[in-house]
Protein chains: 2
Amino acid sequence: MSESPTSRTSSGKQRYHHGDLRQALIDASHQLLVEKGAENFSLADACRVAGVSTAAPYKHFRDKLEILKAIVEQGFDRMSQRSLAAVRAKGEGTIDGVIAMGQAYIAFAMEETAVFRLMFGHNTAIKRDEHVEDTGRSCFKNVIAQITLYCEKNEADGDPLHIALSLWTFVHGAACLLIDEDYENVAPGIDIDAMIADAAIRLLPTRKKG
Amino acid sequence: MSESPTSRTSSGKQRYHHGDLRQALIDASHQLLVEKGAENFSLADACRVAGVSTAAPYKHFRDKLEILKAIVEQGFDRMSQRSLAAVRAKGEGTIDGVIAMGQAYIAFAMEETAVFRLMFGHNTAIKRDEHVEDTGRSCFKNVIAQITLYCEKNEADGDPLHIALSLWTFVHGAACLLIDEDYENVAPGIDIDAMIADAAIRLLPTRKKG
DNA sequence: TTGATAAGTTAGCCTTTCTAACATATGTTA
DNA sequence: TAACATATGTTAGAAAGGCTAACTTATCAA
């Protein structure tokens, strides 16, 4: 990852052109983001990792933001995949499946904290991007689909959208408080998985009467 | 707010010494933070607002972080006060009181978004400060106290700490998704108050059987 | 082969944080 | 009240990042 495989010729000589600097910069930025956080991330660092001058990125991206957008899009895709894999393993439309989705959300937040913060954080310049919004929406649709399935299977009342929003709210809160280490100050050693499971049971609708 | 009342003599001449530059810089920074967000906040701007050189702050604060810490401490104090006022208005130890606390939390997040983000966000350099941690803990204790009262009044089971953590998690999630405008993308026009009230009922314990 | 274009580079501007060296006000003490 | 010590300002400037302009080199297509 420290150097693109296409930055040299087969004989080993340095190339003037990189090969795929665009993706190399995305990779380098993603790596630095995960390592150091968005706060301490500089494009200049990414250039050093990729082995190019600090002016090079501007041939591929309008500005720093454009790179971050690309990383966020890929982030939503990875989160979607993990989430779907988790629910399939536990059973679609089951309460365990729904819980597994929440845990996948939190696992993603823990492992790719900086990307997660870009995905849901306050940088509107990133999130107002049409493509970014699309990938985000499609990610949330997976949740609604599972809740709908759950309601059908269990003959339970309730609007899947509202239930999904409620679950998302709880899980997102847990993810944020976890990665920001806010639990540490008031309840170190808290069992998140248990809390998620308990909340899921309480927030999901119960079987219809009759 | 744009100029300290003590930066000029009574005759109107400019003073060399400011009077209370420390607080003037905190005020200016808080104002800019609210207006522009932490991302776009620069100490240099605060200096311009206060009418001093960019080197002046370093006579009062070790660095930029020290100013932010001061602002965060004052933020916890304000949030605590609002929260207590809200619960007293609705009745201590009642479900409406607990809901009101949650709504106060969210109102604070909406009105002082940038300060809220500093209080619970990812800047560990700020949050690891002993004084900051103290003010944060004392804020959370108010919630536990209300849950304890609620459990006693309603003869309900459950550990107040765990219930408080659960409610905090939900309300914090709602606050974050609201201020980051993440709901907009999947459910514009969502009724947050209703969602909070519904969640509170579900997450609070029910009356003991027997 | 040539010419257009894509994709690098260097140099430099502007901004920010922070430090060093200097200047001025303030207030305590002899 | 003079004078020193200290607190609190200032200017100048270093280091780093984002971004642009002007220039250079590689690549591709006619």
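Chain identifiers are assigned alphabetically (A, B, ...) following the order of the sequence lines, protein sequences preceding nucleic acid strands; residue numbering begins at 1 within each chain.
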Problem set entry | Integer-rounded Å distance: D:dG17 P and A:Arg48 CZ | 5 Å
Exercise. How many angstroms lie between atom CZ of A:Phe120 and atom CG of B:Asp180, to the nearest 0.5 angstrom?
Worked result: 10.0 Å
Problem set entry | Rounded distance (Å) that lies between atom P of D:dG18 and atom CZ of A:Phe61 | 14 Å
For this session: Return the value, rounded to whole Å, for the distance between atom CG of A:Leu65 and atom C1' of D:dC19.
Result: 14 Å
For this session: Anything under 30° is parallel, anything over 60° is perpendicular, the rest tilted; go ahead and classify B:Tyr105 against B:Phe116.
Result: perpendicular
Seminar exercise, completed: Of A:Ala55 and B:Ala44, the one whose nearest nucleotide on DNA chain C sits closer to the 5' end is A:Ala55
For this session: Rounded to the nearest angstrom, tell me the gap between atom CG in A:Leu25 and atom C1' in C:dA7.
Result: 12 Å
Exercise. Is B:Arg22 near enough to D:dG9 that one of its side-chain N or O atoms lies under 4.0 angstrom from OP1 or OP2?
Worked result: no
Problem set entry | Polar contact flag, side-chain donor to acceptor under 3.5 angstrom, A:Asp27-A:Gln31 | no
Exercise. Across the strands shown, which category fits B:Ser53 at heavy-atom distances under 4.0 angstrom: base, sugar-phosphate, nothing?
Worked result: base
Exercise. Is a donor-acceptor contact shorter than 3.5 angstrom present between the side chain of A:Lys64 and the base of D:dG18?
Worked result: no
Problem set entry | Out of D:dC19, C:dC18, C:dT9, whichever nucleotide has its closest atom nearest the side chain of A:Leu43 | D:dC19
Problem set entry | A:Lys59 NZ to D:dT20 P, straight-line distance once rounded to whole Å | 11 Å
For this session: Measure the distance from CG on B:Leu68 to C1' on C:dT17 and round it to the nearest whole Å.
Result: 13 Å
For this session: Indicate whether OP1 or OP2 belonging to D:dA7 is found under 4.0 Å from a side-chain N or O atom of B:His60.
Result: no
For this session: Mind calculating the distance between CD (B:Glu66) and P (C:dC18) to the nearest angstrom?
Result: 11 Å
Exercise. Side-chain donor-acceptor pair under 3.5 Å between B:Gln81 and B:Asp77, yes or no?
Worked result: no
Problem set entry | Nucleotide C:dG8, atom C1' - distance to CG of A:Leu21 in whole Å | 9 Å
Exercise. Can a donor-acceptor pair be found between the side chains of B:Asn123 and A:Glu39 at a distance below 3.5 Å?
Worked result: no
